[in-house]
> 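Here it is: the structure, laid out below.
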Amino acid sequence: MKTNLIELTVSTPNGKFIARYSEKGLAELNFPGAKAPVAPKRSEGGPVPSNISKWHRATQSALEKILAGGEPRELPPLDWAGATDFQKSVWRQLLKISGGKTRSYGEIARAIGKPKAVRAVGGACGANPIPVLVPCHRVLAANNKLGGFSGGLDWKRQLLAKEGVKF
DNA sequence: GTCACCTTAGAAG
DNA sequence: CTTCTAAGGTGAC
């Protein structure tokens, strides 16, 4: 079923991110500049539920923290409904990467018990609906090569630079 | 069913 | 050192 997502924006020094929440938590986060598939239509529909309002505050502060090169104090609940088990496993590993550190696709693959699924890990990262908070940008190719990034390789470089990662 | 993807280790030239 | 190949998971066509 098409869950009614509530769309809110997060203003940062880097631009306005777009966050979408379901009843269960943050379901999606988009980079500034990404074309908005739907118009923001939440205010007329009704008030934003208080729990979502609270999550949004957490999202905002976590995002700002990361963009400043730090680690978020706390994250809002993430709604991974629709994701496969494989993807959830990968994203769980990503959440364990602390600021300024990086892992390779191979390491992630190994961590979830499928050392040969390195390309699948790349696929899961690309399918990540919540970039930045789920730090898919901290995953580099082997030998500290940048690798790719569907949301714009530019963001990956910038985020890593803020965290002091060199390569 | 086929193909492309945010990959990588290893074998061959 | 450079080039080529095979291998996982998933979604688009």
Side-chain angles (χ1 to χ4, degrees), chain A residues 1-5 7 9-10 12-38 59 62-72 75-167:
Chain A
M1 87 175 213
K2 181 77 174 179
T3 310
N4 251 4
L5 297 184
E7 181 172 300
T9 58
V10 184
T12 73
N14 277 265
K16 277 162 77 172
F17 284 69
I18 299 175
R20 295 196 178 80
Y21 300 86
S22 69
E23 340 283 299
K24 295 182 181 162
L26 178 61
E28 198 177 325
L29 186 66
N30 291 343
F31 284 112
K35 54 172 187 263
V38 297
T59 300
L63 204 47
E64 287 175 349
K65 197 79 177 170
I66 294 176
L67 290 176
E71 290 186 70
L75 294 176
L78 307 179
D79 180 9
W80 285 343
T84 63
D85 287 337
F86 180 82
Q87 292 172 326
K88 290 183 207 167
S89 303
V90 171
W91 300 338
R92 241 193 304 285
Q93 292 304 316
L94 299 185
L95 288 174
K96 290 176 162 179
I97 307 174
S98 44
K101 308 193 92 178
T102 62
R103 306 290 300 278
S104 71
Y105 294 98
E107 286 177 305
I108 301 295
R110 178 177 304 252
I112 61 178
K114 303 193 176 187
K116 281 188 282 193
V118 285
R119 282 152 73 216
V121 170
C125 285
N128 174 17
I130 313 173
V132 186
L133 293 195
V134 176
C136 44
H137 60 278
R138 292 190 188 134
V139 184
L140 303 181
N143 191 207
N144 274 338
K145 283 175 305 194
L146 239 203
F149 199 75
S150 21
L153 206 45
D154 193 46
W155 274 106
K156 189 168 183 175
R157 275 202 206 90
Q158 277 195 53
L159 290 167
L160 290 174
K162 289 176 189 300
E163 298 176 2
V165 176
K166 311 279 202 257
F167 50 91

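Just so it is clear: chains get the letters A, B, ... in the order the sequence lines come, proteins before strands, and each one is counted from 1. Atoms considered below: every heavy atom in the structure, side chains included; atoms not considered: hydrogens, waters and symmetry mates.
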> Nearest whole Å is fine: how far is C:dG9 P from A:Q93 CD?
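Nearest whole value for this atom pair: 16 Å.
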> Base, sugar-phosphate, or nothing: which does A:F86 touch, judged by heavy atoms less than 4.0 Å apart?
sugar-phosphate
> Rounded to whole Å, how long is the line connecting atom CH2 of A:W91 with atom P of C:dT10?
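Taking CH2 of A:W91 and P of C:dT10, I get 11 Å after rounding.
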> Is there aromatic stacking of A:F149 on B:dC6 here, judged by a ring-centre distance under 5.5 Å and a plane angle under 30°?
yes
> Among A:T59, A:L29, A:I130, whose side chain to side chain contact (heavy atoms under 4.5 Å, CB included) with A:L78 holds?
A:I130
> Paired with B:dA4: which nucleotide, if any, by Watson-Crick or G-U wobble criteria at under 3.5 Å for both distances?
C:dT10
> Side chain of A:A120: nearest nucleotide among B:dT7, C:dT10, C:dG9?
C:dG9
> Quick one: which of C:dG8, B:dT8, C:dT10 gets closest to the side chain of A:Q87?
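Ranking C:dG8, B:dT8, C:dT10 by closest atom to the A:Q87 side chain puts C:dT10 first.
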> Please give, in whole Å, the distance from C:dT5 C1' to A:R119 CZ?
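From A:R119 CZ to C:dT5 C1': 10 Å.
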> Say we look at C:dC13 and B:dC6: how far apart would their P atoms be, to the nearest angstrom?
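C:dC13 and B:dC6 have their P atoms separated by 15 Å.
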> Find the distance A:N143:CG to B:dG10:P and express it as a whole number of Å.
14 Å
> Where each residue is assigned the nucleotide of DNA chain C containing its nearest heavy atom, which of A:A127 and A:V121 is assigned the position nearer the 5′ end?
A:V121
> Has the side chain of A:W91 got a donor or acceptor atom that lies under 3.5 Å from a matching backbone atom of A:A124?
yes
> Looking across every strand, which nucleic acid part, if any, lies under 4.0 Å from A:G147 by heavy atom: base, sugar-phosphate, or nothing?
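Here A:G147 touches no strand at all.
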> Please pick, from B:dA9, C:dG8, B:dC6, the nucleotide with the shortest atom-to-atom distance to any side-chain atom of A:C125.
B:dC6
> Measure from NZ on A:K145 to C1' on B:dC6 and round the result to the nearest Å.
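One finds 13 Å between C1' of B:dC6 and NZ of A:K145, rounded.
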> Does a side-chain N or O of A:K114 approach OP1 or OP2 of C:dG8 to a distance below 4.0 Å, or not?
no
> Side chain of A:C136, heavy atoms from C-beta onward: which of B:dC6, C:dG9, C:dT10 has the nearest atom to it?
B:dC6
> At their closest point, which heavy atom of A:K24 faces which heavy atom of A:P77, and how far apart are they?
O-CB, 3.8 Å
> Starting at atom CZ of A:R103, determine the distance to atom P of B:dT8, rounded to an integer number of angstrom.
12 Å
> Enter the distance from A:I66:CD1 to A:K162:NZ here, rounded to the nearest 0.5 Å.
12.0 Å
> Return the orientation label for the A:W155 and A:F31 ring planes: parallel under 30°, perpendicular over 60°, tilted otherwise.
parallel
> Relative to the 5' end of DNA chain C, which residue comes earlier, A:G82 or A:A124, by the nucleotide with the nearest heavy atom?
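Closest to the 5' end, via its nearest nucleotide, is A:A124.
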> Does B:dC6 have OP1 or OP2 under 4.0 Å away from a side-chain N or O of A:S150?
no
> NZ of A:K116 versus C1' of B:dG10: gap in Å, rounded?
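Checked: the NZ to C1' distance equals 13 Å.
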> To the nearest 0.5 Å, how far apart are CD in A:E64 and CZ in A:F17?
10.5 Å
> To the nearest Å, how far apart are A:R110 CZ and C:dG8 P?
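After rounding, the gap between these two atoms is 15 Å.
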